[in-house]
Amino acid sequence: MEPVDMKQNKEDEDVDLDRSRTGLEEEQHRNRSPRNDADRDLDSVIAWFRDYRLWNVLGVSLAFMVLFSAFHTCGMLQASVLSDVHDEHFNGTGKEGYYSAAAIYTVMAASNWIAPSMIAYTGPKFGMFLGGVPYCLFMAVFLRPYLGTLYASSVLLGIGAAVLWTSQGVFLTINSTDKTMSRNAGMFWAILQLSNLWGNIFATVQLTGQSSIDPDVRFKLFIGLLCVAILGVAILLILRYPGKLDRGRVSEPLFKKGWWKGQNCCTPVKTNWKDWAWIKEIVSSFRLLRSRNISLLAVTFAYTGFMLTFYSGVFGTALHFTAAFGTERNYLLGLSGVIVGLGEISGGFLFGFLGSRIGRRGRAAIVLVGISLQMISYLLLFLILPTDSPLMETSKSSYVAPNKHVAMLCAYFLGFGDASINIQIYALLGNMYAADSAPAFALFKFTQSFAAAVGFFYSSVLNLPAQLGIVAGTGILGGLTFCLVEWLANRDDKRTRQQKKVDAPNTTVLDSKSMQR
């Protein structure tokens, strides 16, 4: 046994050592200058600025904002613009705008089946560029409208839109992580919806005091929109495609260089036709369409298409054709687009940048809030607008006297609800199908485009109450199916986590036995 004195001396030494260490740490803490904290903050800011993925998200958001500043304005005005064209080449009735939009979304719906295959060869960056070119061609048609060029450009635009939006979904996904997907989707949506401000402000200024849209006004309006669209497409070329080490969601390339077999054109390799990239993408899309979650979400996807038809085409046209608004009709047509944009932007910022806090209650709660606000707007528009206002200029009375302030409140609710629903769809698909997102986003755009095409077809024949009934009914069903999918997804995740906890002790026991051996 050790003597008591030796034990006491060792304990005293240990205490002195602990005190000296504690004192050294306190002295270092006192001597730490605020400059060191500032250096760390500066390093974090520098790292943030060096994140190519974040710059890619901002870049693609800016490009889409510029491009759709032109296209959204064109889409909202086209029925009204074409109805005022009367010459030896074109005699507009107002329905050509609906037919053109219907053709765009019909072709877009069909093209979504081949869009993933095209992206397999072009990649998402150049897929967005190639998909953006037809938007410029479509707007150039309105400088001198012809019926043939209008419908031909509509078909080309439908193909380009399918490639553009599917590429955008893939590009956003590979530049995001599970933690940043909601933030990036909200950021993209909020910046994109700024397009509803600039284009419609330009249109409002041009159309103020105009009882009709004459050729001079039309030419000035669309030459400006065309230049803006070309700028937006050009911005897509400066984006950087992330390499393997930079990608947030996938570690393998989403596409292979080459031609129709997906092989490098300089390396002749014999492959079975089942291994061709475009065949694999189409098969993946059909397989995913039969899955439980996508089948349920199809109703929500369809609602976004009917809603798109209503707020981008029917709503503005109904305001333009309501004679009770007098000389302010064209002014309200442009202003409604601005207010819809404000709703989209506020919804994007609220549910995107604050999504981590608001999302604690689940995505379903956000979707239900958006749909509820839109239901209120549908009811108010049913009361203040004449029943035949989407079809022709009308002086008929409505249940309540038309009120421009109530109409603009409805415009805000429509935009806010659209943002809340679409952001949550993007976030849900990006998280559920992170490994192979192209088929998922293609199916989303297919269903949305098909519903929008159907909506633009019936918009030329159905009155306002019938159209509102279709949109409202689909919205209620879409909200319920979205809630069901999220509940099922949360249940499956919970079961997976519980199974991992059960398997973890067994794995530890097996590892310990193998080490003993």
query = Can you check whether Thr166 reaches Met118 side chain to side chain, under 4.5 Å on heavy atoms?
reply = no

Exam field: side chain Thr300 to backbone Leu296, donor-acceptor pair closer than 3.5 Å = no

Within 6.0 angstrom of Tyr378 OH, more than 12 heavy atoms from elsewhere = yes

query = Can you list the residues that meet the side chain to side chain contact (heavy atoms under 4.5 Å, CB included) rule with Ser153, with sequence neighbours excluded?
reply = Phe138, Val141

inquiry  = Using 0.5 Å steps for rounding, measure from the SG atom of Cys74 to the CZ atom of Phe68.
reply    = 11.5 Å

inquiry  = Can you tell me how the ring of Tyr105 sits relative to the ring of Phe456, calling it parallel under 30°, perpendicular over 60° and tilted otherwise?
reply    = parallel

key: Check: Cys136 and Leu226 side chains under 4.5 Å, non-hydrogen atoms   = yes

key: Spacing of CZ belonging to Phe413 relative to CE belonging to Met408, to within rounding of 0.5 Å   = 13.0 Å

Side-chain donor or acceptor of Asn463 paired with backbone N/O of Ala466 under 3.5 Å = yes

inquiry  = Distance alone, cut at 3.5 Å: any donor-acceptor contact between the side chains of Tyr99 and Ser154?
reply    = no

ask   = Counting only N and O atoms by type, is there a donor-acceptor contact under 3.5 Å from the side chain of Gln467 to the main-chain atoms of Phe310?
value = no

remark   = One should read off an interatomic distance between Ser420 OG and Leu373 CG, to the nearest 0.5 angstrom, of 7.5 Å

request  = Output yes when a side-chain donor or acceptor of Lys125 lies under 3.5 Å from a complementary backbone atom of Leu236, and no otherwise.
outcome  = no

request  = Starting from the C-alpha separation in whole Å, work towards a yes-or-no answer on ring pair (Phe, Tyr, Trp, His ring centres under 6.0 Å) for Tyr135 and Trp165.
outcome  = CA-CA 12 Å; Tyr135 282 81; Trp165 281 104; 8.3 Å; no

inquiry  = Measuring from atom CD1 of Ile119 to atom CZ of Phe171, what distance do you get when rounded to the nearest 0.5 angstrom?
reply    = 12.0 Å

request  = Look up atom CG in Leu428 and atom CD1 in Ile425, then write down how far apart they are to the nearest 0.5 Å.
outcome  = 8.5 Å

